[in-house]
Amino acid sequence: MSENYVVLLGTKGGPAIRPGSSMPTSNLFVLDGQEIVVDCGLGVSKGLVDQNVRLPDLSLIFITHLHSDHYLELGPLLHTAWTAGLKTPVDVYGPAGLDAYWEGFLTSMKADIDLRIDDEGRPDLRNLVRFHIIGEGTVFDRDGLEVSAIRTEHPPLIDCFALSFRTPTHHVVFSGDTAPIPAMEDFARGADLLIHEAMLKDGIPKILERVGNGSDKLKAHLHRSHTCADDAARIATNAGVKALALSHLVPSDDPTISEPDWHAAIAGIWDGRFFVGRDGLRIDL
Ligand SMILES: [Zn+2]
Ligand SMILES: [Zn+2]
C-alpha cells in the first residue's frame with residue numbers, strides 16, 4: 001500500500017531570512033506514490049533532499065503565485081535536479097508570468113547550461129521542463145490525481161491560487177497566500193488536511209515595531225492580504241476538514257512567540273487534529 005503524507009519544507013511567511021530563521025514556503029506532497037512539490041521558496045532543494053527525494057525523479061511542481069517567497073528557488077531546483085541526473089520531463093503549473101521567469105533563468109544560466117551539455121553530454125535542460133499556465137478550475141487531471149484551483153484574495157496580486165489535490169482516497173487543500181475568504185470553506189469541504197496560511201494577531205505589533213516605517217501601510221497590507229490564525233481555524237471548522245496545519249507563519253522569528261501561542265489562538269474554534277508548521281514537519285494522512 002502506498003504512503004500518503006505531506007511535508008512542510010519551509011514554513012515562514014515572507015522572503016527574508018535571518019540567523020535561526022525558518023525558511024520560506026515550500027511543500028512536498030506524496031499522494032498514491034506521486035511526489036508533488038508545491039511552491040519553491042528559498043531552501044526547497046535542500047528541503048526535498050533532506051526528505052530523501054531523488055531530485056532527478058521530480059516530475060510535478062505547482063506554484064501558487066508570483067511572490068518571491070513562493071518561487072525564488074524554482075529555477076535553481078530544476079537546474080540542480082538536472083545536474084543530479086534529470087532526464088525525464090518536469091511539468092510546472094503556475095500563474096502567467098512564471099514562464100517568463102523560467103526564460104529569464106535559462107538566459108541567466110546560459111553559459112553554464114551550454115557548457116554542461118557540451119562538456120558533460122547532458123540533455124538540454126530547456127527541453128525537459130514544460131510550463132502550464134493555470135487559472136481557476138481543474139488544472140491537472142492524470143493518473144488518478146485531480147488538482148483544482150480557486151483565486152484567493154491576496155492584493156495587489158490577481159493570480160494567487162489555493163490548490164486542491166484529490167486522489168480516489170485522499171484530499172489535501174493548500175490555501176496559498178490569502179485573506180480569509182468564504183470560498184475556501186467549500187473548496188476545502190471535508191478534506192483530509194487543510195494547510196492554511198496564518199498570522200498571529202499578538203505578534204503583529206512587534207513586527208511593525210521592528211520593520212515598519214511608522215506608517216500604517218504594512219499593517220494594512222498584512223490584514224488585507226493574509227489570515228489571522230483564529231480565522232483560519234474558523235474556516236477549517238466550517239469546512240469540516242479532518243486536520244488543520246498552519247503554515248506561512250507570521251511572525252516566524254519572534255523569540256517571544258512559540259507553539260503554545262498558536263494553540264491559544266485557535267482554542268475554542270478548532271478542536272480537531274492540529275499542526276503548527278515547522279520546517280520538515282511530516283503530516284501523515
Ligand atoms: Zn508568501
Ligand atoms: Zn504572497
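In each ligand, atom 1 is the first atom listed, and ligand 1 is the first ligand listed.
Lys206 and Thr256 share a donor-acceptor pair across their side chains, judged by distance under 3.5 Å alone. Using modelled atom types and a 3.5 Å distance limit, the side chains of Glu73 and Ser45 yield a donor-acceptor pair. A donor-acceptor contact under 3.5 angstrom links the side chains of Thr64 and Asp39, judged on distance only.
Residues passing the salt bridge (charged side-chain N to carboxylate O under 4.0 Å, His left out) test with Asp279: none are found, sequence neighbours excluded.
The count of protein N, O or S atoms under 2.8 Å from the Zn ion (ligand 2) stands at 4, with waters excluded from the count.
Residue pairs meeting the side chain to side chain donor-acceptor pair (under 3.5 Å) criterion with at least one member in residues 239-253, sequence neighbours excluded, are Arg18-Asp253, Asp69-His248, His70-His248, Asp177-His248, Arg210-Asp253. Residue pairs satisfying the ring pair (Phe, Tyr, Trp, His ring centres under 6.0 Å) criterion with at least one member in residues 185-204, sequence neighbours excluded, are absent.
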